[in-house]
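To keep things clear, I will list the structure first and then write my remarks on it.
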Amino acid sequence: MTNVDYISTRGEAPSLGFCDALLTGLARDGGLYVPRQWPQFSKKEIRALRGKTYQEIAFTILSPFTNGEIPKDTFRAMIDEAYGTFRHPAIAPLVQTGPNSFVMELFHGTTLAFKDVAMQLLARLMDYALERRGERATIVGATSGDTGGAAIDAFAGRERTDIFILFPHGKVSPVQQRQMTTSTASNVHALAVEGNFDDCQNLVKAMFNDAAFRDKVRLSGVNSINWARIMAQIVYYFTTAVALGGPDRKISFTVPTGNFGDIFAGYCAKRMGLPIDRLVIATNENDILTRTLKTGRYDMKAVKATTSPSMDIQISSNFERLLFEAYGRDASKVRAAMESLKQSSGFEIGSQALKAIRRDFRAGRAGEKQVAETIRKTHAETGYLLDPHSAIGVFVAKKKEKPNTPMVTLATAHPAKFPVAVKSACGIDPALPTWLADLMHREERFQIIKPELKAVETFIGKHARGETTAGAER
Ligand SMILES: Cc1ncc(COP(=O)(O)O)c(C=O)c1O
Ligand SMILES: N[C@@H](CCOP(=O)(O)O)C(=O)O
């Protein structure tokens, strides 16, 4: 199988190998890295994945992306260690909820959200790359609630990294906040930004675009702007499809969507040869992606606070990766769209690209009442308890499923992360698992900060130990 290197969606940054793309995060031209070509798996090769463990499948699917830069045994050991932190042997088990409807549970990792799947591997990959180079890095991340906790858990206490997580003050669930603010590790810093998630994400991107700061602290990112995050999420589309009869049968997936990372991983799986029928984007009332697929215009509105706070997003970063594909990899068209987004909070996709997107994707939204009703009804009819994000997926999936094609909804978080919304929907107070039972009694440590680049950079500059003389700029 051929190895791949990585190119930027904006076409003006150098192409990079795997470890460089991993440590770089956002490309220097403001774009996102994607593989130069998609590794291909034949039906025969996909069929051969049947009966294999999640870890074995991960090794097979992900190896080509590492570009021959990590010895096989080392990579395999990293995968085993990363998924050894999960509390379910299947890592991403399937639960049948209807004749042809399934839920893929992605919340069996340490912080109870799908982010753990990629983050546990990412931390080990970064450690490996930094160790080999004798470097340290300053990790920054923006979170609407789940990425932050997962990143802090995965990077806490790691020698070669300091991690700074920006979360919107007062806009994450109490459990999510505690997962970020109660770490006792000295390399962890939680910053409560007086703004919303988009402000946090804009600050992270602005830090990457400040070349002097970026080089000074040796900035790396853990959001899904980092290709390695998307890469690790491709695996569960393969494990699920083969469990349901793929590749000899097409499967559809519905994905609760905000930053478009998780569903883009599904698109990658399809490009790699996995027969996927529909990829359904499910949004909450912050429905920019649903509107975009309907109208062909990406048009930002103010963010609303909902019971699914992790999806309260307007700037859906990874949509840029899809645009790059839909424009036939014409980076100049991506640059024009992103410039228009910056100047006038929107852009027209264009009819050809829109047609290409609609070939692979469907989209739907769930309002607040529908979310609560889906949690209540699903529990009453099947005994299954959904979190609000997963409920959005289940609601939209019902509208988009086809009679003979299995529809898999990604359950992206454990209901105990959002107890208030779950209890108000169905009267059940979901308990945290035992290892987190004392979470709400742990002492918090965080810094409230204004949504200003200078304030954030000053804080990070003071606390980061990433400055080094070793190695070239990345
Ligand atoms: C629980 C949950 N569901 C869904 C999403 C949306 O995923 P993505 O941003 O990859 O679209 C998020 C945040 O990313 C999340 O935390
Ligand atoms: N919903 C996310 C937002 C950030 O997404 P990412 O996948 O780009 O890290 C969160 O929970 O933080």
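Basis for what follows: all heavy atoms, side chains included, without hydrogens, waters or symmetry-related copies. Both ligands and their constituent atoms are indexed starting at 1 by order of listing. If you read the sequence from its start, that first residue is 1, and numbering goes on from there.
Defined by atom type and a distance below 3.5 Å, a donor-acceptor pair is present between the side-chain atoms of Thr306 and Asn284. Between the side chains of Arg271 and Tyr267, at least one donor-acceptor pair of N or O atoms lies under 3.5 Å.
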Exercise for review: Quick one: do Phe164 and His189 satisfy ring-ring contact (aromatic ring centres under 6.0 Å, His included)? Show the steps, please.
Suggested key: CA-CA 5 Å; Phe164 296 83; His189 305 270; 4.4 Å; yes
Practice item. Mind running ring-ring contact (aromatic ring centres under 6.0 Å, His included) on Phe65 and Trp227 for me, showing each step along the way? Key: CA-CA 10 Å; Phe65 290 115; Trp227 163 254; 5.4 Å; yes
Check your understanding: Would Thr110 and Gln120 satisfy side-chain contact (heavy atoms from CB on, under 4.5 Å), going step by step from the backbone distance to the final call?
Key -> CA-CA 9 Å; Thr110 42; Gln120 290 294 333; 3.4 Å; yes
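For the atom pair CG of Asp299 and OG1 of Thr292, the computed distance is 7.5 Å after rounding to the nearest 0.5 Å.
Among Asp312, Val222, Thr143, the residue whose heavy atom lies nearest to atom 12 (O) of ligand 2 is Thr143. When the heavy-atom distances from atom 6 (P) of ligand 2 to Ala151, Gly141, Ser224 are ranked, the shortest goes to Ser224.
Neither the backbone nor the side chain of Met311 has a heavy atom within less than 4.0 Å of ligand 2. In Thr147, the parts holding a heavy atom less than 4.0 Å from any atom of ligand 2 are both the side chain and the backbone.
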May I have a table of the N/O to N/O pairs between ligand 1 and the protein that fall below 3.5 Å, each row giving the two atom names and the distance to 0.1 Å?
| unit_1 | atom_1 | unit_2 | atom_2 | d |
| --- | --- | --- | --- | --- |
| ligand 1 | 3 (N) | Thr412 | OG1 | 2.8 |
| ligand 1 | 9 (O) | Asn259 | N | 2.7 |
| ligand 1 | 10 (O) | Gly261 | N | 3.2 |
| ligand 1 | 10 (O) | Asp262 | N | 2.9 |
| ligand 1 | 11 (O) | Gly258 | N | 2.8 |
| ligand 1 | 11 (O) | Asn259 | N | 3.2 |
| ligand 1 | 11 (O) | Phe260 | N | 2.9 |
| ligand 1 | 14 (O) | Lys115 | NZ | 2.4 |
| ligand 1 | 16 (O) | Asp146 | OD2 | 2.5 |
| ligand 1 | 16 (O) | Ser310 | OG | 3.4 |

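Note: Phe319 and Tyr298 meet the aromatic proximity criterion, with ring centroids under 6.0 Å apart. Aromatic ring centres of Phe253 and Phe102: separated by at least 6.0 Å.
Judged by the shortest distance from any of its heavy atoms, Lys115 lies inside the 4.0 Å radius around the atoms of ligand 2. Note on ligand 2: Phe167 sits outside its first shell, no heavy atom being nearer than 4.0 Å.
Taking a cut-off of under 4.0 Å to the non-hydrogen atoms of Gly145, the atoms of ligand 2 that pass are 10 (C), 11 (O), 12 (O).
Polar contact with ligand 2: present for Ser144 (N/O pair, distance under 3.5 Å).
Exactly one of Thr143, Thr181, Asp146 qualifies for a side chain to side chain donor-acceptor pair (under 3.5 Å) with Gln176. That residue is Asp146.
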